[in-house]
Amino acid sequence: MAVEQTLSIIKPDGIQKNLIGEIVSRFENAGLEVVAARMMHLSKEQAQEFYVVHKERPFFDDLIKYMTSGPVFVQALQGDDAVARNREIMGATDPSDADPGTIRADHAASIEENVVHGSDAAETAAVEIAFFFADNGVCPRTR
Ligand code: ATP
Ligand code: MG
């Protein structure tokens with residue numbers, strides 16, 4: 001197993017539901033370590049750039065409205081197979097398809113308002129971590 005880093009976002013609905021600690025606990029209990037964290041309110045331009053891969057999708061405008069509707073909590077997580085592990089813990093995009101006990105099965109309201117984001121591959125994780133934590137924002141675990 002390779003040690004990886006991945007990007008996690010607790011989306012505006014997750015913040016509204018006061019789930020920061022609940023969600024971070026799931027990551028920590030699964031052996032993932034937080035190596036960077038910040039709370040912020042995305043601008044429209046930031047959200048459009050972050051989700052640019054979806055810009056031709058019919059749900060893009062709604063996705064941008066949703067992601068800018070309130071603050072988000074952004075983290076870089078580190079651990080064995082962190083990219084896949086994070087996505088297992090999140091569950092499927094549509095909560096009705098998400099495995100029981102996953103974040104989305106337990107907390108997501110819909111395929112859009114689905115509480116969390118997680119990088120989908122190591123390559124995208126590197127780009128996404130740099131997007132939010134460019135200037136030495138990732139803090140190595142020295143103990
Ligand atoms: P994320 O990228 O946020 O981790 P994901 O990788 O599970 O989620 P994507 O296909 O990348 O899913 O979609 C990005 C986000 O766009 C979803 O998390 C959801 O908020 C929204 N979304 C995806 N599909 C739909 C849809 N059919 N209708 C409305 N919103 C959608
Ligand atoms: Mg995605």
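Along the sequence shown, residues carry numbers from 1. Counting convention: from 1, in listed order, for ligands and their atoms alike.
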Fill in: Closest contact, heavy atoms only, Gln75 versus Val24
OE1-CG2, 3.6 Å
Item to complete: For residues His107 and Arg26, report the shortest heavy-atom separation together with the two atoms involved.
Response: NE2-NH2, 3.7 Å
Discussion item. If I apply the N/O under 3.5 Å rule, does Arg57 come out as touching ligand 1?
Written reply: no
Discussion item. Regarding ligand 1, does Tyr66 bring an N or O atom to under 3.5 Å of one of the ligand's N or O atoms?
Written reply: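 Between Tyr66 and ligand 1, no N or O pair is found under 3.5 Å apart.
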Discussion item. Please determine whether the number of non-hydrogen atoms from other residues, nucleotides or ligands lying under 6.0 Å from atom CD of Glu33 exceeds 12.
Written reply: yes
Discussion item. Just by distance, no angles: are the side chains of Asn29 and Ser25 close enough, under 3.5 Å, to form a donor-acceptor pair?
Written reply: no
Item to complete: Measure the spacing between CZ of Phe73 and CG of Leu19 and express it to the nearest 0.5 Å.
Response: 12.5 Å
Worksheet item: What's the spacing between Glu112 CD and Thr93 OG1 if we round to 0.5 Å?
Response: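 Glu112 atom CD to Thr93 atom OG1 measures 12.5 Å (nearest 0.5 Å).
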Have a look at ligand 1 and work out which part of [X], if any, has a heavy atom under 4.0 Å from it: side chain, backbone, both or neither.
| X | answer |
| --- | --- |
| Ile111 | both |
| Arg87 | side chain |
| Arg104 | side chain |

Item to complete: Could you tell me whether ligand 1 has any atom less than 4.0 Å away from a heavy atom of Asp120?
Response: no
Item to complete: Determine whether any heavy atom of Lys11 lies closer than 4.0 Å to an atom of ligand 1.
Response: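 Checking ligand 1 against Lys11, which is what was asked, there is a heavy-atom contact under 4.0 Å.
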Please compare [options] and report which has the shortest non-hydrogen distance to [atom].
| atom | options | result |
| --- | --- | --- |
| atom 5 (P) of ligand 1 | Asp62, Thr93, Leu63 | Thr93 |
| atom 25 (C) of ligand 1 | Phe60, Phe59, Phe50 | Phe59 |
| atom 17 (C) of ligand 1 | Leu7, Asn114, Val115, Asn86 | Asn114 |

Fill in: Residue, atom name and distance, where the atom is the protein heavy atom closest to atom 2 (O) of ligand 1
His117 ND1, 3.1 Å
